Amino acid sequence: MNLQSAFGGTVRKLRLERNLTLRQLSSKAWTSIGHMSDIERSVKQPSFEMLSLLVLAMDLSHEEFLTEVIEYIKES
């Protein structure tokens, strides 16, 4: 698994755990639904700025997010 896939899968997992729609998360992260969908499907690699906005939108620290990414990789 590559890092892009791990980031996308983690974002999707966390979004669903928080019962957020793509529309809700994309609005909170100041991005389009299409861009959010591309990130989750690993079509596009998020920039560090985008990851930071996603982390804030899901009320996580960067450390918590990276821990989730590591767990996602281990589970896959």
Side-chain angles (χ1 to χ4, degrees):
M1 168 176 297
N2 64 37
L3 199 51
Q4 184 172 328
S5 296
F7 280 151
T10 301
V11 169
R12 178 174 166 71
K13 177 181 168 261
L14 292 171
R15 176 179 64 79
L16 294 174
E17 285 175 357
R18 285 161 175 69
N19 295 315
L20 293 170
T21 64
L22 273 172
R23 181 180 304 276
Q24 291 168 323
L25 183 56
S26 64
S27 176
K28 286 181 159 204
W30 295 75
T31 192
S32 69
I33 296 170
H35 189 230
M36 182 62 49
S37 176
D38 285 347
I39 290 170
E40 284 192 3
R41 293 180 295 119
S42 304
V43 172
K44 290 190 178 174
Q45 184 173 1
S47 66
F48 182 76
E49 181 181 0
M50 185 75 256
L51 282 176
S52 293
L53 290 170
L54 289 170
V55 165
L56 291 172
M58 291 188 281
D59 296 320
L60 294 168
S61 69
H62 287 86
E63 181 180 359
E64 290 168 323
F65 179 75
L66 292 174
T67 299
E68 290 286 339
V69 171
I70 291 167
E71 288 301 315
Y72 185 86
I73 292 169
K74 286 179 181 178
E75 292 171 1
S76 296

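Computed from a predicted structure; not experimentally measured.
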(message) Restricting to side chain to side chain contact (heavy atoms under 4.5 Å, CB included), what partner residues turn up for Leu16, sequence neighbours left out?
(response) Arg12

(request) Kindly write out the residues that satisfy side chain to side chain contact (heavy atoms under 4.5 Å, CB included) with Asp59, not counting sequence neighbours, or none if the list is empty. (result) none

Are [X] and [Y] linked, directly or through other ILVMFWY residues, by side chains that come within less than 4.5 angstrom of each other?
X	Y	result
Ile39	Val43	no
Leu22	Leu20	yes
Leu54	Leu56	no

Using the test side-chain hydrogen bond (donor to acceptor under 3.5 Å, both in side chains), find all partners of [X] that sit at least two apart in sequence or belong to another chain.
X	answer
Thr31	His35
Thr21	Gln24
Asn19	none

(message) Once rounded to the nearest 0.5 Å, what's the spacing between atom CE of Met36 and atom NZ of Lys28?
(response) 11.5 Å

(message) What's the separation between atom CG in Leu60 and atom CG in Leu51, rounded to the nearest 0.5 Å?
(response) 11.5 Å

(request) Sequence neighbours left out, what pairs pass side-chain hydrogen bond (donor to acceptor under 3.5 Å, both in side chains) with at least one residue falling in residues 39-55? (result) Arg15-Glu40, Ser37-Arg41, Asp38-Arg41, Ser52-His62

(message) Within the supplied structure, the quantity of interest is the number of heavy atoms (other residues, nucleotides, ligands) at a distance under 6.0 Å from Arg18 CZ; does it exceed 12?
(response) yes

(message) Applying ring pair (Phe, Tyr, Trp, His ring centres under 6.0 Å) as the test, list every pair that has at least one member in residues 2-32; sequence neighbours left out.
(response) Phe7-Phe65

(message) If you compare all heavy atoms of Met50 against all heavy atoms of Ala29, which two are closest, and at what distance to 0.1 Å?
(response) CE-O, 3.5 Å

Give every donor-acceptor pair under 3.5 Å between a side-chain atom in residues 67-76 and any protein atom, sequence neighbours left out.
unit_1, atom_1, unit_2, atom_2, d
Thr67, OG1, Glu63, O, 2.9
Glu68, OE1, Lys13, NZ, 3.0
Ser76, OG, Tyr72, O, 2.9

